[in-house]
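Notes follow once the structure below has been shown.
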Amino acid sequence: MARQLRLVLLGKQGAGKGTQSVRLAAHYSVAHVATGDMFRSQAAQGTAFGLEAKRFMDEGELVPDEIVIGVIEECTAPGGPLGDGFVLDGFPRTVNQACELDRVLAGAPLDLAIDLEVPTDIVLDRIAGRRVCESCQRNYHVNSAPTHDWTCDTCGGRVRQRDDDTEEAVFRRLELYEQETRPILDYYRARQMLTSVDGVGEGDEVFERLVKVIDEHLSA
Ligand code: ADP
């Protein structure tokens with residue numbers, strides 16, 4: 001059997017990484033691994049690790065590298081979500097994390113890193129209307145709400161605004177994106193692993209663009 005897709009999806013907060021990576025993972029039958037979702041779910045369960053991560057998240061700060069890298073390392077254990085094919089969303093977020101990812105995936109490296117490009121004024125608009133299911137993390141928008149009274153269409157969980165989608169935390173996250181995450185684009189570009197995809201437009205349209213780029217890459 002052909003080896004499964006191993007993809008990193010990069011982009012600003014609100015670029016659509018969460019929504020598109022869930023769809024891509026289903027399309028290519030691989031795991032969806034989102035560090036932000038993992039931290040939120042641990043925080044909702046009240047674990048010590050989740051509550052520690054939440055302190056950073058609510059301020060819009062990055063969770064320290066040693067914590068995040070430890071989590072990713074656990075995911076690469078045999079049978080873990082990064083053991084075979086995956087779409088990775090929210091990791092890496094610093095050049096150090098990108099190096100560490102290469103290290104832990106040494107035997108089976110990434111196929112591709114995609115930068116989902118969306119201008120800042122559009123992401124700000126999207127984040128202001130973003131609502132998320134507390135249970136399964138599905139994303140909604142005030143303009144495309146769940147069918148019944150902010151109850152998730154997928155799992156029945158409560159759909160609400162994220163604690164870190166306050167104006168202050170969003171500005172801090174975008175600032176950190178420029179300082180810490182944008183340099184990762186050069187890291188992958190230098191290794192001929194980077195492709196950019198226009199993330200502006202309807203979700204279905206963006207999804208088709210992504211699939212086209214990935215399929216071209218896989219058949220090259
Ligand atoms: P967004 O992309 O909108 O910031 P995420 O759900 O990806 O949303 O991440 C939410 C928060 O989780 C981040 O602001 C950060 O505090 C923490 N986080 C997620 N992934 C990482 C990571 N790779 N490194 C450090 N912190 C992270």
Side-chain angles (χ1 to χ4, degrees), residues 7-22 24-25 32-44 47 49-76 81-82 86-105 110 113-118 120 122-141 159-185 187-188 199:
L7 172 77
V8 161
L9 197 55
L10 299 163
K12 290 185 191 111
Q13 287 69 18
K17 297 187 301 290
T19 308
Q20 296 296 343
S21 55
V22 168
L24 289 171
H32 170 232
V33 181
T35 40
D37 289 357
M38 288 180 187
F39 296 150
R40 272 188 293 281
S41 141
Q42 289 283 324
T47 66
F49 159 75
L51 296 176
E52 163 89 5
K54 189 170 171 17
R55 283 199 300 127
F56 294 97
M57 292 167 80
D58 286 355
E59 299 295 317
E61 298 296 330
L62 292 177
V63 175
D65 272 1
E66 59 273 20
I67 299 182
V68 194
I69 290 165
V71 170
I72 287 296
E73 228 163 352
E74 280 173 27
C75 291
T76 56
L82 293 176
F86 55 80
V87 178
L88 198 41
D89 157 14
F91 187 97
R93 224 177 256 246
T94 63
V95 170
N96 183 39
Q97 291 180 11
C99 297
E100 287 296 312
L101 182 62
D102 280 348
R103 183 180 63 79
V104 296
L105 293 179
L110 288 176
I114 297 183
D115 176 30
L116 196 53
E117 284 183 316
V118 179
T120 301
I122 298 184
V123 301
L124 285 173
D125 214 46
R126 289 183 184 175
I127 297 174
R130 171 156 77 181
R131 301 292 181 272
V132 179
C133 172
E134 288 184 326
S135 302
C136 75
Q137 312 288 334
R138 178 169 165 183
N139 277 293
Y140 295 88
H141 191 274
V159 175
R160 55 187 288 270
Q161 188 159 35
R162 272 169 46 174
D163 291 339
D164 62 346
D165 276 351
T166 61
E167 200 173 321
E168 269 178 10
V170 169
F171 276 112
R172 177 63 182 147
R173 275 145 68 208
L174 286 168
E175 188 176 63
L176 281 172
Y177 172 83
E178 294 302 328
Q179 284 168 15
E180 301 285 347
T181 309
R182 192 178 283 287
I184 299 178
L185 302 183
Y187 177 91
Y188 286 126

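Counting convention: from 1, in listed order, for ligands and their atoms alike.
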Shell of residues surrounding ligand 1, defined by a 4.0 angstrom heavy-atom cut-off that is strict: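 Near ligand 1, by chain and number: Q13, K17, T35, G36, F39, R40, M57, E61, L62, V63, V68, G90, F91, R93, Q97, R130, R162, D164, R173.
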
May I have the step-by-step check of side-chain contact (heavy atoms from CB on, under 4.5 Å) for V170 and D165, ending in yes or no? CA-CA 6 Å; V170 169; D165 276 351; 4.2 Å; yes

List for me each residue that meets ring-ring contact (aromatic ring centres under 6.0 Å, His included) alongside F49, sequence neighbours excluded, and say none if there are none.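 By the ring-ring contact (aromatic ring centres under 6.0 Å, His included) rule, F49 matches F39.
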
Counterpart residues, salt bridge (charged side-chain N to carboxylate O under 4.0 Å, His left out), relative to E100 (two or more places apart):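 Once residues adjacent in sequence are excluded, the partners of E100 under the salt bridge (charged side-chain N to carboxylate O under 4.0 Å, His left out) criterion are R103.
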
Can you list the residues that meet the salt bridge (charged side-chain N to carboxylate O under 4.0 Å, His left out) rule with R138, with sequence neighbours excluded?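 R138 satisfies salt bridge (charged side-chain N to carboxylate O under 4.0 Å, His left out) with no residue once adjacent residues are dropped.
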
I'd like to know if R172 pairs up with E61 as an ion pair, taking the criterion as any Lys NZ or Arg NE/NH1/NH2 lying under 4.0 Å from an Asp or Glu carboxylate oxygen.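 A salt bridge is present here (some side-chain N lies under 4.0 Å from a carboxylate O).
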
With heavy-atom distances below 4.5 Å as the criterion, would you say the side chains of M38 and V33 are in contact?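 Contact flag for M38/V33 side chains = yes.
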
